[in-house]
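In what follows, a single structure is set out as structure tokens and then discussed.
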Amino acid sequence: KAGVTQTPRYLIKTRGQQVTLSCSPISGHRSVSWYQQTPGQGLQFLFEYFSETQRNKGNFPGRFSGRQFSNSRSEMNVSTLELGDSALYLCASSTWDSSYEQYFGPGTRLTVT
Amino acid sequence: KQEVTQIPAALSVPEGENLVLNCSFTDSAIYNLQWFRQDPGKGLTSLLLIQSSQREQTSGRLNASLDKSSGRSTLYIAASQPGDSATYLCAVRVTQGGSEKLVFGKGMKLTVNP
């Protein structure tokens, strides 16, 4: 069974630009979550989608948004990039049941210059 | 607000030692606790998941326990190997601010020396 895939793996953007990251979950998984990982703050939850609806949300500004498609693939968008947005962005998928075991992808390394 | 702590932040041991990694959390109202490992520059690999109603889970050389009342979990690694070198993170699934989410510790960097 293929794991969670994320594209692109690396990205360099300039302040003020916007960026879209993509995540394909494990086959059969309908929940997708996004996390930001930085050396200072560690791993922080951004949002979770299930059945094309945002079900849970972390404490990030509105510049961070996401969506989920009918095939469970998800995209995350960051508008008006800031230097502090440089991070590893991780996507995780899970079944929407009582276990909520999360399976992570390899991440997208975003560098904002 | 739920906080997850992992102490120490780093550990270096010789190969073959049995290890205990600690994780503590401030609020016992958790749905589950999950242990992960992360290799440098990579994503997270799920090691073990313990539901709030369970006391422990085992997988190969790994054993994780959960004591909700004291807000603690331990990950036991038997007969450590150089390939176990990685950062180990624990996370609890909670409801916070009206949303369910995973709250992570900062991780413990393990180095197993041959």
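To find a chain, count down the sequence lines: A is the first, B the second, and so on, and within it residues start at 1.
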Same hydrophobic cluster for B:L33 and B:Y31, using side-chain heavy-atom links shorter than 4.5 Å among ILVMFWY? no
Does any non-hydrogen side-chain atom of A:K57 lie less than 4.5 Å from one of B:S99? yes
With a 6.0 Å cut-off (strictly less than), is the heavy-atom count around CZ of B:R55, excluding the residue itself, greater than 12? no
Quick one: does any side-chain atom of B:Q34 pair with a main-chain N or O of A:Q102 as donor and acceptor, under 3.5 Å? yes
Structural part of A:L90 lying under 4.5 Å from a heavy atom of chain B: side chain
Distance check, rounded to the nearest 0.5 Å: B:K1 atom NZ versus A:N59 atom CG? 7.0 Å
Quick check on the hydrophobic clustering: are B:L44 and A:L88 connected, directly or via other members, by side-chain heavy-atom contacts under 4.5 Å? yes
So OG of A:S94 and CZ of B:R93: to nearest 0.5 Å the spacing works out to 6.5 Å
So for B:Q96, is it side chain, backbone, both, or neither that comes closer than 4.5 Å to the heavy atoms of chain A? neither
In terms of heavy-atom pairs under 4.5 Å, which option from B:T95, B:V103, B:L49 contacts chain A the most? B:L49
Under 4.5 Å between side-chain heavy atoms, hopping through other hydrophobics if needed: is there a path connecting A:F45 to B:V92? no
Heavy-atom pairs under 4.5 Å with chain A are the metric here; pick the option from B:G105, B:G43, B:A91 that has the most. B:G43
Count the heavy atoms belonging to other residues, nucleotides or ligands that lie under 6.0 Å from NZ of A:K13, then report whether that count exceeds 12. yes
Surrounding CG of B:D39 (heavy atoms of other residues, nucleotides or ligands, distance under 6.0 Å), is the total greater than 12? yes
Between B:L102 and A:Y35, is any pair of side-chain heavy atoms under 4.5 Å apart? yes
Is it the case that atom CZ in A:R15 sees more than 12 heavy atoms from other parts of the structure closer than 6.0 Å? no
Modelled atom types, side-chain donor and acceptor of A:E101 and B:S46, under 3.5 Å: yes
Using atom types as modelled and distance alone, determine if a side-chain donor or acceptor of A:N56 lies under 3.5 Å from a backbone N or O of B:K101. no
